[in-house]
Number of protein chains: 2
Amino acid sequence: MAVQILIVDDHSVVRQGLRMFLSLDPDLQVIGEASNGDEGVQLARKLRPHVVLMDLLMPVMDGVTATAAIRRELPEVEVIALTSVLEDASVFGAIRAGAIGYLLKDTEAEDLCRAIKSAAAGQVQLSPQAAALLTREVRIPESPEKLTQREIEVLGLLAHGLANKEIARELGIGEKTVKTHVSNILSKLGVLSRTQAALYAIQSGLVAVPAA
Amino acid sequence: MAVQILIVDDHSVVRQGLRMFLSLDPDLQVIGEASNGDEGVQLARKLRPHVVLMDLLMPVMDGVTATAAIRRELPEVEVIALTSVLEDASVFGAIRAGAIGYLLKDTEAEDLCRAIKSAAAGQVQLSPQAAALLTREVRIPESPEKLTQREIEVLGLLAHGLANKEIARELGIGEKTVKTHVSNILSKLGVLSRTQAALYAIQSGLVAVPAA
DNA sequence: GTTTCCCTCAGTCTTTTGGTCGAGATGTTT
DNA sequence: AAACATCTCGACCAAAAGACTGAGGGAAAC
C-alpha cells in the first residue's frame, strides 16, 4: 500500500510542487493539503495520514506547534519538517515537538521520496545540514551552556525590549560591556539575534508574558 | 495617621535611598521592602500598605505583572510605578495594570512625597514625561493603528526571530520592501525596535508561544 | 475618471547590533 | 601559588537595522 501523505504549507506553489514531485513515485500518495498549522492538525485528525510534510513558518499556527499537537494526539502519524530556512531554534523546536525528520526545501525529489518512505517506517531522516546542527549541539548534550548571573540579568532586560544603551544605564555599566554580554548570550544560546534571544527567554519562562 | 508604604525594587541602593528620602517626611512611613515582584505581591498581601512604590524592571517577576496582581487582589492598595526608563510599553503596561502613578527615579524627594500622598488619596500622579506620552497616545484613543495584512505577515515572521533578509526570502519580495514594512510596523505599534515588536506580537497573541 | 490605500522598491543616511581580539580587576577553586 | 571564571571595558570592523524621501503599479472606493 502506498504511503499516504498530508502536505501542510502556506504557499500553494509549494504544495503544488510537492504534489508533482511525489506523484512521480507510485508508492506515495498525497491525500490532503492544508495551508496552516491549525488546518493541518484538523486534517491529520480526519485523514490519519502516514506522514505529514510540515512547513514550519506559517500564519495562524506555526509548524512546530502543529507538529506537537499532531504527535501528542496521533502518535502513529509521523511528521517531517520541511522548511526553507535552516535555523537552530527551528530544528530543535521541530525535533523536540516530535518531528521524525527535518528537510530543507531544496532537497531533491528523489531524496525527498526516500525520506518520506523512511519516515513512514519510523526511521529518522535529517538533512545533512540539520544533522550537523544537531550533532554540534548534542556534543554538549544537556547544556544550553549555562548563563552567568549577569548574563541572565542582561537577557531579562533584553527580553523587555531594551536597547544595549538602556540596559547599560539600567545596570550602571558601560554599553561596551553590555555588548560583550549580549554577544556571549547569543553564542551560548545558539541564536543569531537579540530578538531570537528574547523569544528564547520567553519560551524558557525567564520573563513573564503579561496577559494581553 | 502616616501613609504606609511598601518599596519594591531589586536594587538595595534604591531602596535605601527611598527610605532616606521618605523618612524626611513625618507623614510617610516605610513599612516594608521587597526585591522582586513576587516578593512584593506577598508582602503587599501581608502588610496592606496604602501605597506601593513599584520598580518595573526586576528579575523573577516584573513590576507590571506584580502591579496587576496586587491591584486585582487588593484594590484598596495604590501602586506607583517608579522606574528609571521612560518607555512607551512600560508606561501603558503599568497604567493598564492599574498603577495610579508613573514616576521617574530622578524625581525630587519633595515631589515624590507629594505624589505618594496624592496616590494614597486616590489621585493620579504622573511624571510630566509620562503624561506627555499618554496624551500623545490618548489622542489616538482606541487605535493601535491597524496593521495591513502584509504587515501582519511580516510581523509574524519577525516574531519568530527571522532577519529582514530571511523574511524577504520567505515572502518572495525584496529586502528593501521588508524594511519598509518593518519601519511601518514599528511606527504603527509605537515601539522602537523589532524586538519590542516581536514582544508585542506575542503579547497580543499573534504568534503562539510554544510550551517550554 | 479620480482618489485612496496597499504593496513594491530604490537610494541615502545614521544608529544599532554583533563578532573578534585583547586586557585589567576581582574572587574562587584547586 | 596557580588556574579559573566572571565582570568589566577598549578598539576595530562588518553587517543589520531603521528613518526618510520618493515613486510606480494595482485594486478598490468614490
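Remember, predicted model here, so these are calculated numbers, not experimental data. Every chain is numbered from 1, with letters handed out A, B, ... down the list of sequences.
- Counting only heavy atoms from C-beta outward, the side chains of A/K188 and A/T148 approach each other to under 4.5 Å.
- Across the protein-nucleic acid pair, A/L192 atom CG and C/dG18 atom P stand 10 Å apart, rounded to whole Å.
- One distance of note links CD1 of A/I7 with CG of A/D9; it measures 8.5 Å at 0.5 Å rounding.
- With contacts defined as side-chain heavy-atom distances shorter than 4.5 Å, the pair B/L43/B/I31 does not qualify.
- The CD1 atom of A/I202 lies 4.0 Å from the CD1 atom of B/I202; values are rounded to the nearest 0.5 Å.
- Side chain of A/Q196 to main chain of A/L192: a donor-acceptor pair is present (N/O by atom type, distance under 3.5 Å, no hydrogens or angles).
- In this structure, the side chain of B/R15 does not engage the main chain of B/V8 through any donor-acceptor pair within 3.5 Å.
- A/L6 approaches A/A44 most closely through the heavy-atom pair CD2-N, 3.7 Å.
- Between the side chain of A/T67 and the backbone N or O of A/G63 there is at least one donor-acceptor pair closer than 3.5 Å.
- Following rounding to the nearest Å, B/L147 (CG) and C/dC7 (P) show an atom-to-atom distance of 10 Å.
- Where the helix from C/dG1-D/dC30 to C/dT30-D/dA1 starts and where it ends, the local axes point in directions that differ by 40°; five pairs per end, rounded to 10°.
- Counting to the nearest Å, the C1' atom of C/dG18 and the CD1 atom of A/I185 are 12 Å from each other.
- Within residues 171-184 of chain B, the residues having any heavy atom under 4.0 Å from DNA chain D are, by residue number, B/K179, B/V182, B/S183.
- One distance of note links CD1 of B/I116 with CD of B/Q4; it measures 13.0 Å at 0.5 Å rounding.
- Dashed line: the shortest gap from a side-chain N or O of A/N164 to OP1 or OP2 of C/dT17 is under 4.0 Å.
- Contact of the B/N164 side chain with the B/R194 side chain is registered, since non-hydrogen atoms from C-beta on lie closer than 4.5 Å.
- Remark: P of C/dC5 and CD of B/E151 are 13 Å apart, rounded to the nearest angstrom.
- Counting only heavy atoms from C-beta outward, the side chains of A/H160 and B/L56 never approach each other to under 4.5 Å.
- The distance from atom CD of B/E153 to atom C1' of C/dT8 is 14 Å, rounded to the nearest whole Å.
- Once you apply a 4.0 Å limit to the heavy atoms of chain A, the touched nucleotides of DNA chain D run 5' to 3' over D/dT6 to D/dG10.
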